Amino acid sequence: MAAPMFAFLLGLTWLVLTPVCVWLLFGRGHRGLLRVTGALTLAALQAATMVVGLTQRAARTPAQTVAVRAPHTDAGRPAGVRPSTDAVAPPSPVPTGSPACDPRIPEPEAVRLSFRGRALHGLTVYWPASPAQCDTATVAVHQAGHRLRIWVQEGAEARHPEGAHNVPVRVEQGTASLSLRLSPVTRQHRRYVAINGQTGDKIPLRSRVS
């Protein structure tokens, strides 16, 4: 309250002393000391007015600075400023499933035959697994008498003889394998011979499963 009261008194002083100072400066017969007194009084009023103005401006500056500052949200960021998407974005999902693999033609190292009664019901093919083993393979089996010609290719389905099937691949202790059920069941022969359809080489038979 002191500053406004002082400003009010200063204004009142201007109203009272201004006419007096003008009279002292320009009145007839006034010379020397009277005119100096009038000039000094006006100068003192002017200086006091400047001091009051600077004081009031300095007092208003902090309040104005606070007023123009952007208000903050509860999270401590300025209102209207959108939070960084890097801070709130969830981590990218990790791709699931088997890694991509290059299709290859494996070289079977063994075949196990499955029987139902006296009829050949299915077979399992074994070959060495690769470091980036495909999880599916295409297999086809053609029978001519007691000869079983077998084609196997890992990865995407390839052009195989009629009757090819895409089946899952299992890996155990470095060995990949697939199982195929033969339909219709094949009449049993005294001795079967498994042949690699790509190379024409014989594939060793494991003990048959009933």
Side-chain angles (χ1 to χ4, degrees), residues 1-106 127-138 152-159 165-178:
M1 295 294 294
M5 181 61 67
F6 184 78
F8 173 76
L9 293 177
L10 181 61
L12 185 61
T13 303
W14 271 100
L15 291 176
V16 174
L17 294 182
T18 299
V20 176
C21 292
V22 172
W23 177 72
L24 290 175
L25 286 171
F26 303 104
R28 291 183 179 182
H30 295 169
R31 294 182 181 180
L33 183 60
L34 293 178
R35 291 188 176 182
V36 172
T37 302
L40 292 177
T41 302
L42 288 176
L45 289 174
Q46 183 66 32
T49 302
M50 293 178 63
V51 170
V52 171
L54 293 175
T55 303
Q56 291 181 349
R57 181 178 298 178
R60 289 195 301 267
T61 299
Q64 183 178 3
T65 302
V66 174
V68 299
R69 286 179 182 174
H72 284 66
T73 63
D74 294 338
R77 66 176 184 275
V81 178
R82 308 181 73 177
S84 172
T85 55
D86 293 339
V88 300
S92 300
V94 178
T96 58
S98 301
C101 64
D102 294 329
R104 69 173 183 132
I105 299 176
W127 68 92
S130 66
Q133 180 64 50
C134 296
D135 57 3
T136 61
T138 302
V152 178
Q153 179 169 336
E154 294 184 24
E157 294 188 25
R159 292 182 179 179
H165 301 274
N166 189 256
V167 296
V169 174
R170 299 184 301 274
V171 178
E172 294 181 0
Q173 300 180 352
T175 299
S177 64
L178 62 82

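For the single chain, residues carry numbers from 1 onward in sequence order. Worth saying up front: this structure is predicted, and the values here are computed from it rather than measured.
- Inter-residue side-chain proximity for Val152 and Trp127 is flagged as met; some heavy-atom pair is nearer than 4.5 Å.
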query: Under the side-chain contact (heavy atoms from CB on, under 4.5 Å) criterion, do Val169 and Asp135 qualify, and how do the steps go?
result: CA-CA 5 Å; Val169 174; Asp135 57 3; 5.7 Å; no
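- Put simply, OG1 on Thr138 and CD on Gln153 are 6.5 Å apart, with the number rounded to the nearest 0.5 Å.
- Between the CG atom in Leu42 and the OG1 atom in Thr37 there is a gap of 11.0 Å [rounded to 0.5 Å].
- In this structure, Arg104 CZ and Ser130 OG are separated by 4.0 Å, a value rounded to the nearest 0.5 Å.
- Note that NE2 of His165 is 11.5 Å distant from CG of Leu178, once rounded to the nearest 0.5 Å.
- Summarising the geometry of Cys101 relative to Ala132, their closest heavy-atom pair is CB-O, 3.6 Å, with the distance given to 0.1 Å.
- With sequence neighbours excluded, no residue forms a salt bridge (charged side-chain N to carboxylate O under 4.0 Å, His left out) with Arg170.
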